[in-house]
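Here the structure is a predicted model, which is why all the values come from computation and not from measurement.
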Amino acid sequence: MRDPEPAPEQVTEVIEPSRPGRLVPFAQPVAEVDDVEPGERTPDAEGDRPLGLRDVWAAARARRRALRREVRRFTVRQRRRRYAWLASLAAVVLVGLGAVATAYSPLFAVSKITVLGTDRLDRGAVEQALAGEKGTPLALVDSSAVKAALVGFPLVESYSIEARPPQELVVRIIERTPVGVVSTRGGFSLVDAAGVVLSTSEKAPEGYPVIEATGGAGSRAFRAVGAVYRSLPADLRTQVTAMAATTPDDVTLTIEGAEVVWGSSDDPVEKARVLQALMIATPPSEADEYDISSPDAVVVR
């Protein structure tokens with residue numbers, strides 16, 4: 001009789017006494033040391049390997065790269081604003097440099113000089129005196145050179161310069177206002193309120209009063225006379241034939257033979273109004289003197 005065949009291998013299950021009916025499989029057998037090939041690393045061995053210097057450096061590099069990425073991500077808007085600001089600044093600088101280069105180029109050199117405000121002055125003569133500025137860039141026109149050219153014209157009281165691109169230079173002139181004639185050894189000199197001699201001739205120019213002031217032209221008495229004359233209305237000014245003063249407070253005028261005691265140069269508007277009213281009430285042909293040195297207490301003789 002043959003021996004019975006061995007029964008197939010069976011898995012034995014153990015029922016825990018505390019939890020009836022629950023099956024607990026046997027744990028898988030742990031590989032023995034003899035079952036691991038030489039050089040082969042097991043999972044436990046990989047996790048238990050001590051960290052080396054190379055691992056620390058790799059981790060530090062990875063951390064720095066991550067930080068840089070985060071910084072770039074959070075500062076991208078700030079960088080864009082900075083780039084836009086730099087681009088705008090560069091554009092302004094380029095435009096400024098271009099404007100300066102253009103202003104000093106021959107494209108903006110003076111080729112035409114225009115003189116305005118002349119009445120008694122010869123405009124052509126003034127333009128000819130300023131011809132030396134032609135060819136000079138408008139930005140480089142020398143005001144001192146213009147002044148030196150205009151000094152030769154006594155009638156020029158003040159002036160201003162205006163550049164009209166691309167190539168025109170405008171000179172505006174304010175002429176001196178003659179106030180009267182002063183008798184000198186050389187003849188009769190036409191002067192302004194500051195005593196500047198505008199012209200000299202053998203005969204007294206018509207249309208201007210003869211002035212006699214103690215101390216001559218440039219004295220305080222003369223300046224008071226000039227101030228009174230310039231304050232007169234145009235219709236009164238043309239009627240004055242002579243003016244005199246010994247001090248700044250005793251200016252007198254001569255109108256159609258009658259003497260006007262004006263006094264100081266204060267309150268010129270009120271004095272002129274009172275004088276006009278008096279001349280209407282009593283014409284100069286019927287009066288010898290109008291005393292308006294005190295407008296509130298006038299005297300007619």
Next item on the list: Say whether, by atom type as modelled, one donor and one acceptor occur between the side chain of K271 and the main chain of D266 under 3.5 angstrom.
Entry: yes
Next item on the list: For E162 and V171, indicate whether the former's side chain and the latter's backbone hold a donor-acceptor pair under 3.5 Å.
Entry: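 Side chain of E162 to backbone of V171, a donor-acceptor pair under 3.5 Å: no, none is there.
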Margin query: Can a side-chain donor-acceptor contact be found between D142 and S144 if the only test is distance below 3.5 angstrom?
Written below: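 On atom types as modelled, these side chains qualify, holding a pair under 3.5 Å.
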Margin query: Could you check whether T114 and E168, counting side-chain N and O atoms only, form a donor-acceptor pair closer than 3.5 Å?
Written below: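 Distance-only check passes for E168 and T114.
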Spatial distance of atom [atom1] ([X]) from atom [atom2] ([Y]) [nearest 0.5 Å]:
X    : Y    : atom1 : atom2 : result
S199 : R120 : OG    : CZ    : 9.0 Å
L253 : L236 : CG    : CG    : 9.0 Å
T241 : I255 : OG1   : CD1   : 8.0 Å
S293 : D249 : OG    : CG    : 10.5 Å
Q239 : T254 : CD    : OG1   : 12.5 Å
L155 : D119 : CG    : CG    : 9.5 Å

Is the shortest side-chain heavy-atom distance between [X] and [Y] below 4.5 Å?
X    : Y    : answer
Y290 : V261 : no
L275 : W262 : yes
L232 : V240 : yes
L150 : K147 : no
M279 : P284 : yes
R176 : V196 : yes
E175 : T118 : yes
S143 : I161 : yes

Check [X] against [Y] and note the closest heavy-atom contact, atom names and distance.
X    : Y    : value
A258 : A287 : CB-O, 3.6 Å
I113 : K134 : CD1-CG, 4.0 Å
P283 : A281 : CD-O, 3.9 Å
A109 : G135 : CB-O, 3.7 Å
L116 : R172 : CD1-NH1, 3.4 Å
L190 : G180 : CD1-O, 3.5 Å

Next item on the list: Give the cluster check for V197 versus F222: same hydrophobic cluster or not, with ILVMFWY residues linked at side-chain heavy-atom distances below 4.5 Å.
Entry: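 Same hydrophobic cluster.
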Next item on the list: Count the heavy atoms belonging to other residues, nucleotides or ligands that lie under 6.0 Å from CD of Q128, then report whether that count exceeds 12.
Entry: no
Note to self: Within the supplied structure, the quantity of interest is the number of heavy atoms (other residues, nucleotides, ligands) at a distance under 6.0 Å from R220 CZ; does it exceed 12?
What the structure shows: no
Next item on the list: Would you check, one step at a time, whether the test side-chain contact (heavy atoms from CB on, under 4.5 Å) holds for T177 with D192?
Entry: CA-CA 6 Å; T177 302; D192 71 346; 5.8 Å; no
Note to self: With side chain to side chain contact (heavy atoms under 4.5 Å, CB included) as the test, pick out the partner of V191 among T200, L198, V182.
What the structure shows: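 Testing V191 for a side chain to side chain contact (heavy atoms under 4.5 Å, CB included) against T200, L198, V182 leaves exactly one candidate, V182.
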Distance-only check: which donor-acceptor pairs under 3.5 Å involve side-chain atoms of residues 201-214, not counting sequence neighbours?
residue: S201; atom: OG; partner: K203; partner atom: O; Å: 2.6

Next item on the list: In sequence, state the C-alpha distance, the side-chain angles, and the governing distance for V126 and F153, and then conclude on side-chain contact (heavy atoms from CB on, under 4.5 Å).
Entry: CA-CA 8 Å; V126 177; F153 299 90; 4.0 Å; yes
Notebook entry, point to check: Between V274 and E270, does a side-chain contact (heavy atoms from CB on, under 4.5 Å) hold up when you go through it step by step?
Noted result: CA-CA 6 Å; V274 171; E270 179 65 16; 3.7 Å; yes
Note to self: One pair to check against side-chain contact (heavy atoms from CB on, under 4.5 Å): T252 and M243. What are the steps and the verdict?
What the structure shows: CA-CA 6 Å; T252 59; M243 302 181 70; over 6 Å; no
Checklist line | All pairs passing salt bridge (charged side-chain N to carboxylate O under 4.0 Å, His left out) where residues 284-300 contributes a residue, at least two apart | finding: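 Output for this query lists E289-R301.
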